[in-house]
Amino acid sequence: MSIESIIKSKVIEAIAGCYEQSVDDKMVQIQKTRREFEGDLTVVVFPFLRFSRRSPEETANDIGNFLKENIEVVADFNVVKGFLNLVIDNSYWISVLNGAVQTPKFGFKPQSADETKVMIEYSSPNTNKPLHLGHIRNNLLGYSVAEILKANGHEVIKVNLVNDRGIHICKSMLAWLRFGEGETPESANMKGDHLVGKYYVKFDQEYKKEVEQLIAYGKHPDEAKKQAPLLLEAQEMLRKWEAGDDEVVALWRKMNDWVLAGFDETYKKMGVDFDKVYFESETYKKGKAIVMKGLEEGVLYQKETGSVWANMESDGLDHKLLLRDDGTSVYMTQDIGTAYERFNEFNIDEHVYVVGNEQNYHFQVLSLILGKLGYKWHDKIHHLSYGMVELPEGKMKSREGTVVDADDLMQEMVNTARDMSNELGKLQGYSEEEAAEVFTKVAMGALKYFILKVDPKKNMMFNPKESIDFNGNTGPFIQYTYARIQSVQRKAKEEGLTVPEQAIANLTISEKESYLIQMVADFPNVVSDAGKDRSPALIANYVYDLVKEYNQFYHDFPIAKEENTDLRDFRLVLSRQIGEIIKNGMSLLGIGVPERM
RNA sequence: GGUCCAGUAGCUCAGUUGGAUUAGAGCAACAGCCUUCUAAGCUGUAGGUCCCAGGUUCGAGCCCUGGCUGGAUCACCA
């Protein structure tokens with residue numbers, strides 16, 4: 001039983017004893033004592049005033065006396081206004097630390113059948129262009145949330161739905177046929193996704209030329225945009241693809257394979273992976289049967305022209321198209337079909353979709369329609385919605401060339417980390433491979449941490465220059481602290497000190513250190529909260545706070561040189577445990593920590 | 001126009017189910033600190049109408065109402 005729940009129950013007893021009143025345990029608020037006050041834990045007594053009918057100070061004293069007498073580890077208390085600050089005995093904190101030390105994978109729960117089984121879909125790229133900065137946020141969030149859910153005991157299935165069909169793919173294909181001169185990733189010495197992306201841009205350029213020409217010949221701009229020969233040809237290509245035309249399908253397959261190989265490389269560098277990859281070319285017709293059933297049951301309705309709709313007016317929304325006049329599926333239909341399939345095939349309890357906030361409306365409607373169709377799991381689909389990534393120069397526009405390419409960005413981060421390491425002479429004495437491993441970890445840590453520390457739902461500003469700043473609330477700062485902790489442990493060993501498995505209980509430690517232990521003990525709660533909120537930012541900011549506290553306390557107190565051997569041992573144990581937490585916490589963000597840097 | 005999201009220091013961001021005279025970090029600026037656990041660090045100074053106005057409460061950056069500003073979205077696109 002935790003100290004908080006013991007105090008809680010005793011506070012209820014105290015109120016029953018002193019005032020003959022019973023209070024709900026929700027009214028008992030216990031929090032960490034703020035740093036500037038003496039004590040470890042604080043009970044807020046304001047809610048009890050109407051029971052005690054005494055002043056806040058008197059009430060706090062009454063309860064304080066009761067707690068001091070009835071709980072062994074409550075060593076003392078003081079009262080400031082309506083706040084009852086309890087001093088908890090050192091031995092308690094040390095036993096908490098020892099408990100944490102002895103827990104393998106501290107903060108992580110083993111997989112449990114009691115927890116829900118969750119599918120998480122993320123990344124979801126188009127195969128007509130390479131991944132960009134927005135995808136990076138998506139991928140990092142998806143991977144990190146999957147890790148966090150696993151650490152909370154959930155079984156997690158990571159999936160990727162690749163959008164490999166549609167008019168945009170045909171545009172790249174057409175431009176490659178027309179202007180490519182047989183270029184391949186090998187001959188051009190380019191990643192496949194970049195090569196295909198190049199032709200997507202090429203299409204757009206040539207298309208614009210055609211449109212301008214048509215306008216020059218007197219066409220109305222709207223008409224010109226629709227009648228440009230390249231566009232008509234691309235549309236024709238899509239029709240052929242859907243009809244299964246051998247040549248078109250072969251080309252489509254070839255270029256898609258290039259792109260997918262390119263994506264794999266990028267995912268690998270980013271450190272993300274999937275348990276299953278879906279292709280839209282295989283799923284785009286799904287959902288039609290479910291919609292037809294809904295139509296029969298009268299949940300949906302059909303217009304005279306043949307299209308099928310859902311009336312969402314009762315939910316304050318408009319009407320939503322589900323099948324076109326020609327009976328073909330739209331995006332929503334497909335999502336209905338794949339959701340149904342996934343819940344049934346994998347027997348999942350929940351489904352998380354990591355998709356940008358421009359699709360908030362889509363997912364709101366998806367859940368409502370599934371509810372209308374009678375699926376009880378319709379409220380078990382969660383849209384993990386994230387904000388746009390903006391640049392200092394303004395918004396990213398692929399047509400204006402202001403997108404930040406994922407591969408370029410990662411390479412730039414690695415280059416910068418290497419340059420800084422060399423400049424500081426940090427990695428002297430390392431082999432080339434070892435050095436490369438370190439600055440790659442640092443570079444990726446910088447990028448990942450910068451993005452994950454921000455609340456997912458907020459739009460964020462990505463400043464490439466700032467992200468490569470290795471100070472402050474950044475990944476490298478945290479990695480650096482970890483490396484220093486490992487250095488302490490190594491030095492202690494070199495000096496012949498055996499780092500004990502546990503700290504000695506009868507020891508006087510500073511209030512700062514008991515505060516640090518409280519933070520250590522908090523880690524499992526933070527992991528749990530991050531799971532509930534699906535927010536890596538909680539973990540990131542917690543780890544930063546812990547690191548900052550650690551640095552501030554121990555910068556001036558070299559642990560290995562502490563003369564009191566019991567205290568030194570205690571500090572070695574605490575420091576090692578904090579290192580463990582940094583490593584575990586960062587792994588939930590998909591960030592590696594180097595032993596030295 | 002309807003719906004949803006956001007607004008906290010010059011900039012980028014935290015702020016746990018409402019709690020403490022003084023709302024926190026980092027960056028940028030200024031001033032210090034290398035016999036230290038690794039200076040990729042630490043310490044200090046300066047910087048605020050928590051968008052505005054009401055309301056609820058012993059207590060509001062947080063909750064409610066109304067407004068302002070910015071963003072997203074409202075396709076027989078995906």
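This is a predicted model, so every value here is computed, not measured. Proteins come first, then strands; the chains are lettered A, B, ... in the order of their sequence lines, and each starts at number 1.
Across the interface with RNA chain B, nearest-nucleotide mapping of A:Thr305 and A:Gly472 shows A:Gly472 to be the residue nearer the 5′ end. Comparing A:His168 and A:Met597 by the nucleotide of RNA chain B that holds the closest heavy atom to each, the one mapping nearer the 5' end is A:Met597.
Comparing B:A6 with B:A78, their C1' atoms are spaced 26 Å from each other, to the whole Å. Rounded to a whole angstrom, the distance from the C1' atom of B:G10 to that of B:A28 is 8 Å. Taking atom P on both nucleotides, B:U21 is separated from B:G26 by 23 Å, rounded to a whole Å. If you take atom C1' in B:G48 and the same atom in B:U22, they sit 12 Å apart, rounded to whole Å. Taking the P atom of each, B:U43 and B:U49 are spaced 27 Å apart, rounded to whole Å. Nucleotides B:A9 and B:A25 have their P atoms positioned 15 Å apart, rounded to a whole Å. Rounded to the nearest Å, the gap between the C1' atom of B:C52 and that of B:U69 is 11 Å.
When each of B:U12, B:A40, B:C42 is scored by its nearest atom to the side-chain atoms of A:Phe450, the top-ranked nucleotide is B:U12. Nearest nucleotide to the side chain of A:Glu280, out of B:A20, B:A72, B:A78: B:A78. Listed nucleotides B:A72, B:G19, B:A25 differ in distance to A:Met388; the shortest reach to its side chain belongs to B:A72.
Every residue two or more places apart in sequence or in another chain was checked for a salt bridge (Lys or Arg N to Asp or Glu O under 4.0 Å) with A:Glu580, and none qualifies. In this structure A:Asn422 satisfies the side-chain hydrogen bond (donor to acceptor under 3.5 Å, both in side chains) test with no other residue, sequence neighbours excluded. A:Gln334 meets the side-chain hydrogen bond (donor to acceptor under 3.5 Å, both in side chains) test with A:Thr283; sequence neighbours excluded. With sequence neighbours excluded, no residue forms a side-chain hydrogen bond (donor to acceptor under 3.5 Å, both in side chains) with A:Glu412. Every residue two or more places apart in sequence or in another chain was checked for a salt bridge (Lys or Arg N to Asp or Glu O under 4.0 Å) with A:Arg490, and none qualifies. Partners of A:Tyr122 under the side-chain hydrogen bond (donor to acceptor under 3.5 Å, both in side chains) rule, at least two apart in sequence or in another chain, do not exist in this structure. Every salt bridge (Lys or Arg N to Asp or Glu O under 4.0 Å) that A:Glu437 has, sequence neighbours left out, goes to A:Lys441.
Annotated as syn: B:C34, whose O4'-C1'-N torsion sits within 90° of 0.
In this entry B:U36 has no Watson-Crick or G-U wobble partner, no candidate having both defining distances under 3.5 Å. Searching all strands for a Watson-Crick or G-U wobble partner of B:U65 with both distances below 3.5 Å returns B:A53.
A salt bridge between A:Asp455 and A:Lys457 is present, with a side-chain N of the basic residue lying under 4.0 Å from a carboxylate O of the acidic one.
Considering only side-chain N and O atoms, A:Lys303 lies nowhere under 4.0 angstrom from the phosphate OP1 or OP2 of B:C76.
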Identify all side-chain donor-acceptor contacts of residues 518-530 of chain A below 3.5 Å with residues at least two apart in sequence or on another chain.
| unit_1 | atom_1 | unit_2 | atom_2 | d |
| --- | --- | --- | --- | --- |
| A:Gln518 | NE2 | A:Asp40 | O | 3.3 |
| A:Asp522 | OD1 | A:Asn525 | ND2 | 3.2 |

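Here the P atom of nucleotide B:A25 and the CG atom of A:Asn551 are 15 Å apart, to the nearest Å. Computed from coordinates, the A:Tyr301 OH to B:C76 P distance equals 11 Å when rounded to whole Å. Here the P atom of nucleotide B:G71 and the CG atom of A:Asn360 are 17 Å apart, to the nearest Å. In this structure, OH of A:Tyr284 is placed 20 Å from P of B:C76, rounded to the nearest angstrom. Atom-to-atom, CG of A:Leu41 to P of B:A20 comes out at 16 Å; the value is rounded to the nearest Å. Remark: P of B:C77 and CG of A:Asn163 are 14 Å apart, rounded to the nearest angstrom. Atom pair A:Glu242:CD and B:C76:P shows a separation of 18 Å (rounding to whole Å applied). Between A:Gln359 atom CD and B:U73 atom C1' the separation is 10 Å, expressed in whole Å.
Around CZ of A:Arg596, the count of heavy atoms belonging to other residues, nucleotides or ligands within 6.0 Å does not exceed 12.
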Should A:Asp193 and A:Lys129 be marked as a salt bridge (Lys or Arg N to Asp or Glu O under 4.0 Å) after you check the CA-CA gap, both sets of side-chain angles, and the distance that decides it? CA-CA 6 Å; A:Asp193 50 339; A:Lys129 48 181 185 269; over 6 Å; no
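Less than 4.0 Å separates RNA chain B from at least one heavy atom of each of the following residues of residues 321-336 of chain A: A:Leu321, A:Arg324, A:Asp325, A:Val330, A:Tyr331.
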Could you run down the sub-3.5 Å N/O contacts of the protein with nucleotides 13-17 of chain B?
| unit_1 | atom_1 | unit_2 | atom_2 | d |
| --- | --- | --- | --- | --- |
| B:C13 | OP1 | A:Met461 | N | 2.6 |
| B:A14 | OP1 | A:Asp455 | N | 2.6 |
| B:A14 | OP2 | A:Lys458 | NZ | 3.0 |

So which protein N/O to nucleotides 56-63 of chain B N/O distances come out below 3.5 Å?
none

Please tabulate, one pair per line, each protein N/O and nucleotide N/O from nucleotides 21-24 of chain B that are separated by under 3.5 Å, including the distance.
| unit_1 | atom_1 | unit_2 | atom_2 | d |
| --- | --- | --- | --- | --- |
| B:U21 | OP1 | A:Lys81 | NZ | 3.1 |

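When each of A:Phe462, A:Tyr544, A:Phe477 is checked for a ring-ring contact (aromatic ring centres under 6.0 Å, His included) with A:Phe450, only A:Phe462 meets the rule.
Under the 30°/60° scheme for interplanar angles, the aromatic rings of A:Tyr284 and A:Trp241 are found to be tilted.
By the stacking rule of 5.5 Å between ring centres and under 30° between planes, A:Phe83 stacks on the base of B:A20.
Under 3.5 Å, the side chains of A:His362 and A:Asp335 contain a donor-acceptor pair of N or O atoms. Using modelled atom types and a 3.5 Å distance limit, the side chains of A:Asn160 and A:Tyr278 yield no donor-acceptor pair.
Cation-pi check for A:Lys32 over A:Tyr515 is met; the charged atom lies under 6.0 angstrom from the ring centroid and within 45 degrees of its normal.
Residue A:Thr474 places no side-chain atom within donor-acceptor reach of the base of B:A40, judged by atom type and a 3.5 Å distance cut-off alone.
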